[in-house]
Amino acid sequence: MIQLHALTRRFDELLAVDALDLTIPSGAITALLGPNGAGKTTTLNMLTTLLPPTSGTAEVAGCDIVENPAGVRRAIGYVPEHGAVYEGLTADEFLELAGRVRGLESAEIHRRATRLLEYFEVADARDRRLGAHSKGMRRKVLVTAALLHDPDVIFFDEPMDGLDVKSQKRLGELLRDLAAEGKTVVYSSHVLQQVEELCEHLVLIHEGRLLREGPLTDLRNEHGGAGLRDVFLAMTDGAEERGSSWHELLTGEAPE
């Protein structure tokens, strides 16, 4: 479970996250949604202790992000949108490093990594340097690294980026299994079709403020069963027709 208590972050005069109060439940996949610039990445960076809050706090797996950031880091796994790997290392070497940082022994790291890499069908490439891997293959290694220590809370930021259709299906099945085991899974993405397929719970933020939090089905029912895209646009003031043709956008003049 994750609990946010007036969580706030300023960058000089910019209020990026504005006193968020909410609870993200365990045992479910929760979508963290919002337009570009809404404060999603800043919120994730605070919850994963990469960025301190200006004020307020949050508890992640029972650990306060301000008072016990080391406890938070032990409890979480994180797949960032632009997660980097050490391209000079092989997948095995990178996962050995990730596992040892988490306090795992080499033999256990190898066993767990083998099962996960086989699941994602990249075990035969584990001895290749990561710089030679495709974007999708590096993504699978990052997911494996985030899950090696069996974390209670897992943050995924655009986790399907670079994955082929089969790999997306496998990762989706894995996320459902993690939630079914009682883990807290936070899923941030702009691909709303994937969100609709995977997520049961929704946190929607806009301009740093909380717009809505609760079951995704409740939100859709309140909007007459509309798809998530239409609901999202309506709630973030983006549903109105713009009415501009390509000619108008290019020249600023209406076509004759």
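All residue numbers in this chain count up from 1 along the given sequence. Just so it is clear, the structure is predicted and the values come from calculations on it, not from any experiment.
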Are [Y] and [X] connected in a single hydrophobic cluster, I mean Ile/Leu/Val/Met/Phe/Trp/Tyr linked by side-chain heavy atoms less than 4.5 Å apart?
X: L178; Y: L117; result: yes
X: L147; Y: L104; result: yes
X: F156; Y: L204; result: yes
X: L15; Y: M46; result: no
X: I205; Y: V191; result: no

For [X] and [Y], which I'm curious about, is there any donor-acceptor pair between the side chains at under 3.5 Å?
X: R129; Y: T90; answer: no
X: T114; Y: R126; answer: yes
X: D64; Y: T57; answer: yes
X: Q194; Y: Y187; answer: yes

For [X], which residues count as a side-chain contact (heavy atoms from CB on, under 4.5 Å) partner, sequence neighbours excluded?
X: E213; value: L22, H201, V203, L210
X: R111; value: A107, E108, R115
X: E96; value: R100, S106, I109

Donor-acceptor contacts, no H, no angles, side chain residues 77-84, under 3.5 Å, sequence neighbours left out:
none

Can you run down the salt bridge (charged side-chain N to carboxylate O under 4.0 Å, His left out) pairs that involve [range], sequence neighbours left out, and say none if there aren't any?
range: residues 167-182; result: E121-R170, K169-E173
range: residues 186-209; result: E196-R220, E207-R209
range: residues 141-163; result: K135-D161, D150-K183

Is there a side-chain contact (heavy atoms from CB on, under 4.5 Å) between I154 and T184 once you walk through the steps? CA-CA 6 Å; I154 313 102; T184 305; over 6 Å; no
Restricting to non-hydrogen atoms, name the atom on [X] and the atom on [Y] that form the minimum distance, rounded to 0.1 Å.
X: V85; Y: R138; result: CG2-CD, 3.6 Å
X: V153; Y: A61; result: CG2-CB, 4.0 Å
X: R128; Y: A132; result: NH2-O, 3.0 Å
X: C199; Y: L216; result: O-CD2, 3.5 Å
X: L219; Y: M235; result: CD1-SD, 3.5 Å
X: A98; Y: A145; result: CB-CB, 3.9 Å

Measure from the side-chain N and O atoms of H110 to the backbone N and O of E105, and report whether any donor-acceptor pair falls under 3.5 Å.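 Checking the backbone N and O of E105 against the side chain of H110, no donor-acceptor pair under 3.5 Å is found.
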Given 3.5 Å as the limit, does a donor-acceptor pair link the side chain of R112 with the main chain of L148, or not?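 Checking the backbone N and O of L148 against the side chain of R112, a donor-acceptor pair under 3.5 Å is found.
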Let me check something: any side-chain donor-acceptor pairs from residues 25-42 under 3.5 Å, sequence neighbours excluded? List them with distances.
from	atom 1	to	atom 2	distance (Å)
N36	OD1	H190	NE2	3.3
K40	NZ	G34	O	2.9
K40	NZ	P35	O	3.1

Return yes when atom CZ of R229 has more than 12 non-hydrogen atoms of other residues, nucleotides or ligands closer than 6.0 Å, and no otherwise.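 No, the 6.0 Å shell around CZ holds no more than 12 heavy atoms from other groups.
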Spatial distance of atom [atom1] ([X]) from atom [atom2] ([Y]) [nearest 0.5 Å]:
X: I24; Y: L47; atom1: CD1; atom2: CG; value: 6.5 Å
X: N68; Y: R73; atom1: CG; atom2: CZ; value: 9.0 Å
X: T48; Y: L51; atom1: OG1; atom2: CG; value: 8.5 Å

Salt bridge (charged side-chain N to carboxylate O under 4.0 Å, His left out) partners of R74, counting only residues at least two apart: none
By salt bridge (charged side-chain N to carboxylate O under 4.0 Å, His left out), E222 pairs with (sequence neighbours left out) R212
Of all residues at least two apart in sequence or in a different chain, which pass the side chain to side chain donor-acceptor pair (under 3.5 Å) check with D164?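 Side chain to side chain donor-acceptor pair (under 3.5 Å) list for D164, sorted by chain: S167.
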So, applying side-chain contact (heavy atoms from CB on, under 4.5 Å) with L116, which one of T144, V143, L95, V141 is it?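 The residue from T144, V143, L95, V141 that satisfies side-chain contact (heavy atoms from CB on, under 4.5 Å) with L116 turns out to be T144.
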side-chain contact (heavy atoms from CB on, under 4.5 Å) assessment of Y86 paired with L97: CA-CA 10 Å; Y86 295 103; L97 175 62; 3.9 Å; yes
Side-chain donor-acceptor contacts of residues 1-13 below 3.5 Å, not counting sequence neighbours, with atom names and distances?
from	atom 1	to	atom 2	distance (Å)
T8	OG1	A6	O	3.0
T8	OG1	A19	N	3.0
R9	NH1	P52	O	2.6

Please determine whether side-chain contact (heavy atoms from CB on, under 4.5 Å) holds for the pair L198 and M160, giving the CA-CA distance in whole Å, both sets of side-chain angles, and the decisive distance to 0.1 Å. CA-CA 12 Å; L198 287 172; M160 303 293 186; 3.9 Å; yes
Start with the C-alpha gap between L171 and Q168, add the side-chain angles, then the distance that decides, and say whether side-chain contact (heavy atoms from CB on, under 4.5 Å) holds. CA-CA 5 Å; L171 180 55; Q168 289 180 16; 5.9 Å; no
Side-chain heavy-atom pair P53, V66 within 4.5 angstrom cut-off: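 With C-beta onward as the side chain, the pair touches.
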